[in-house]
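Read the structure below first, then the notes.
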Amino acid sequence: MTSMLRGIYEQSETAAQIEDKKKQLIEYMKWRDPETLSVYEHYYDEQKFRDLHEKLQESYMQREKEYFNSAKKRSVIKSPEILTAFELKSSEEKQDWLNQFFEGMEP
């Protein structure tokens with residue numbers, strides 16, 4: 001149904017054509033209640049999606065600005081130290097670990 005509605009919106013040039021094709025779809029599906037289409041139609045409303053997407057972007061940009069402004073006031077943002085899960089402090093620990101790992105593997 002959503003692909004049918006998408007096709008209707010993409011192929012129609014005017015609002016009148018959209019309404020006519022929706023009525024044809026309702027007749028084709030033999031729906032008794034034309035409101036059944038609204039269940040599927042809410043999914044494909046490109047303008048509402050654009051509006052919502054723009055509002056979200058504006059909100060994220062505003063929150064990001066606020067975060068960076070407050071971070072500047074507190075202190076400089078420090079990046080966390082990145083360590084691998086198997087990183088060992090010294091070469092001696094590495095050697096000991098390898099020896100223990102290979103112990104018992106010799107034929």
Side-chain angles (χ1 to χ4, degrees):
M1 282 307 305
T2 54
S3 63
M4 290 294 294
L5 284 171
R6 186 177 299 120
I8 288 172
Y9 280 97
E10 289 174 355
Q11 295 172 1
S12 302
E13 296 176 3
T14 64
Q17 286 179 342
I18 292 172
E19 290 304 315
D20 287 341
K21 289 182 180 181
K22 285 183 192 176
K23 287 178 185 175
Q24 291 172 4
L25 180 62
I26 291 169
E27 288 175 19
Y28 174 78
M29 297 301 291
K30 297 182 185 193
W31 287 333
R32 292 183 192 139
D33 186 11
E35 290 300 312
T36 305
L37 185 63
S38 65
V39 172
Y40 298 99
E41 195 170 29
H42 80 280
Y43 182 78
Y44 188 78
D45 191 348
E46 193 173 334
Q47 186 59 43
K48 282 184 183 178
F49 175 76
R50 271 194 235 120
D51 293 342
L52 177 64
H53 191 260
E54 287 175 8
K55 287 178 185 176
L56 282 172
Q57 281 183 322
E58 289 171 5
S59 172
Y60 289 148
M61 287 174 33
Q62 181 63 32
R63 290 170 58 193
E64 185 179 45
K65 285 179 185 177
E66 289 172 4
Y67 171 77
F68 283 123
N69 287 338
S70 67
K72 284 179 185 177
K73 290 177 184 175
R74 287 191 310 256
S75 66
V76 177
I77 299 173
K78 297 178 183 178
S79 62
E81 184 178 341
I82 299 172
L83 299 174
T84 61
F86 296 107
E87 187 173 337
L88 299 172
K89 298 291 181 191
S90 69
S91 62
E92 287 178 12
E93 289 177 353
K94 288 181 186 178
Q95 188 66 33
D96 291 341
W97 179 81
L98 286 173
N99 289 337
Q100 290 173 1
F101 179 74
F102 287 117
E103 236 176 62
M105 296 183 93
E106 296 172 0

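We count residues from 1, following the sequence as given. All values below come from the heavy atoms of this structure, side chains included, with hydrogens, waters and symmetry mates left out.
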Q) Does any N or O in the side chain of Ser59 come within less than 3.5 Å of the main-chain N or O of Lys55, such that one atom is a donor and the other an acceptor? A) no
Q) Between the main-chain N or O of Tyr67 and the side-chain N or O of Ser70, is there a donor-acceptor pair closer than 3.5 Å? A) yes
Q) Measuring from Ile18:CD1 to Lys23:NZ, what's the distance to the nearest 0.5 Å? A) 13.0 Å
Q. What is the minimum heavy-atom distance between Lys21 and Ser12, and which atoms define it?
A. CD-OG, 3.4 Å
Q.
We want to know whether Glu66 and Gln62 form a side-chain donor-acceptor pair, criterion being a heavy-atom distance below 3.5 angstrom.
A. yes
(Q) Taking Tyr60 as the starting point, is it possible to reach Phe68 by hopping between hydrophobic residues whose side chains are less than 4.5 Å apart? (A) no
Q | Minimum-distance pair of heavy atoms, taken over all atoms of Leu25 and Ile8 | A | CD2-CD1, 4.1 Å
**Q.** Cluster check Leu56, Met61: I/L/V/M/F/W/Y, side chain < 4.5 angstrom
**A.** no
